[in-house]
Amino acid sequence: MAVTERHLTAEQFLQMPKDGHKYELVNGEAKEVPTGGLHGDIAIVIAVLLAPTAWKYGRVFDSSTGFYMQSGNIRCPDVSFMRRERLPDGVPPRGFIDGAPDLCVEIISPSEEALDSWAKIGEYFESGASQIWHVFPEARRVVVYKSLDDVHTYLADETVDGGELLPGVSFRVGEVLPA
């Protein structure tokens, strides 16, 4: 008997039962994304730092928010920001959001595959992202991508800022990532 693969649609993915794990829809399959307590703590700290400024320009989202990529995948950054003018009527829709957020923050766990991280970077930029922040808790560093060619690494004693996308947002890496 032949085995056929089941490819989920976005609607089926949206209706999946909640089991306490984080998933993204990648090539028609629900793919679990590793998270944990430290991961969640860092995500909240970054969201709180972004929110006061970000809400002037758009919306901040948590990891439960799905974004349609041009590839057909649905990605769920750990923290994200999308400018108001890119949201339908300036407000978040009930379902998934079309396009990548302007800022995608990914907290990278040691078990994540480098190829998966690179695939996400490409998808995010292809789908409209302006900045991607990769946060490495164990190494206490943040890598900021403004394009595939404009990449800067910030260490614990250095300050990350929102640049033109989120003027006024800044934080020292060591304040966000515990020793």
Side-chain angles (χ1 to χ4, degrees), residues 6-35 39-40 42-108 116-135 142-148 150 160-171 176:
R6 178 175 178 232
H7 289 278
L8 295 173
T9 66
E11 293 75 27
Q12 291 168 326
F13 181 66
L14 187 60
Q15 298 303 318
M16 281 180 51
K18 306 299 181 235
D19 66 1
H21 298 274
K22 178 183 172 187
Y23 295 92
E24 294 181 328
L25 184 63
V26 181
N27 301 323
E29 296 178 24
K31 181 175 180 184
E32 185 175 350
V33 180
T35 60
H39 190 109
I42 293 167
I44 291 297
V45 169
I46 291 173
V48 166
L49 290 170
L50 293 177
T53 299
W55 284 345
K56 295 175 191 173
Y57 305 106
R59 289 303 208 212
V60 175
F61 299 97
D62 72 0
S63 65
S64 66
T65 307
F67 295 87
Y68 285 113
M69 301 291 103
Q70 285 187 354
S71 65
N73 290 338
I74 296 173
R75 296 294 188 177
C76 306
D78 295 311
V79 180
S80 56
F81 162 75
M82 189 170 242
R83 291 186 328 264
R84 187 172 291 109
E85 61 267 19
R86 292 191 58 220
L87 293 167
D89 299 320
V91 296
R94 292 204 181 277
F96 299 124
I97 300 173
D98 286 327
D102 295 287
L103 171 63
C104 307
V105 179
E106 293 283 359
I107 300 161
I108 309 298
D116 289 341
S117 293
W118 276 107
K120 283 186 187 185
I121 290 170
E123 279 188 291
Y124 286 146
F125 279 132
E126 179 181 78
S127 300
S130 299
Q131 287 188 36
I132 301 161
W133 296 357
H134 274 188
V135 178
V142 175
V143 180
V144 175
Y145 298 84
K146 292 185 179 175
S147 73
L148 295 176
D150 186 357
V160 174
D161 67 62
E164 293 178 12
L165 180 61
L166 286 168
V169 169
S170 68
F171 62 88
V176 172

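Just so you know, these numbers come straight off a predicted model, no measurement behind them.
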Has [X] got a side-chain atom pairing as donor or acceptor with [Y]'s backbone, closer than 3.5 angstrom?
X      : Y      : value
Arg84  : Lys56  : yes
Asp78  : Ala43  : no
Asn73  : Arg75  : no
Ser127 : Gln70  : yes
Gln131 : Gly162 : yes

**Request:** Step by step, work out the side chain to side chain contact (heavy atoms under 4.5 Å, CB included) result for Val60 and Val79.
**Result:** CA-CA 7 Å; Val60 175; Val79 180; 4.2 Å; yes
**Message:** Which residues pass the ring pair (Phe, Tyr, Trp, His ring centres under 6.0 Å) test with Phe171, not counting sequence neighbours?
**Reply:** Trp133
**Asked** ring pair (Phe, Tyr, Trp, His ring centres under 6.0 Å) with Phe81: which residues, sequence neighbours excluded?
**Response** none
Is any side-chain heavy atom of [Y] closer than 4.5 Å to one of [X]?
X      : Y      : result
Tyr145 : Tyr124 : no
Ile121 : Leu148 : yes
Ser130 : Arg83  : yes
Phe61  : Pro92  : yes
His134 : Ser117 : yes

**Message:** Within a 6.0 Å radius of atom CD on Glu85, are there more than 12 heavy atoms belonging to other residues, nucleotides or ligands?
**Reply:** yes
**Prompt:** Is the CG atom of Asp150 crowded by more than 12 outside heavy atoms at less than 6.0 Å?
**Reply:** yes
Gap between atom [atom2] of [Y] and atom [atom1] of [X] - 0.5 Å precision:
X      : Y      : atom1 : atom2 : result
Ile132 : Phe125 : CD1   : CZ    : 3.5 Å
Ser63  : Ile44  : OG    : CD1   : 8.5 Å
Ile97  : Arg59  : CD1   : CZ    : 11.0 Å

**Prompt:** Are Tyr68 and Ile74 close enough, and set up right, to give a side chain to side chain contact (heavy atoms under 4.5 Å, CB included), and what steps lead you there?
**Reply:** CA-CA 5 Å; Tyr68 285 113; Ile74 296 173; 4.0 Å; yes
Where do [X] and [Y] come nearest, in terms of heavy atoms and distance?
X      : Y      : answer
Pro167 : Thr53  : O-CG2, 3.1 Å
Asn27  : His7   : O-ND1, 3.3 Å
Ala129 : Cys104 : CB-SG, 4.1 Å

**Request:** Carefully, step by step, assess Leu50 and Leu103 under the rule side chain to side chain contact (heavy atoms under 4.5 Å, CB included).
**Result:** CA-CA 10 Å; Leu50 293 177; Leu103 171 63; 3.9 Å; yes
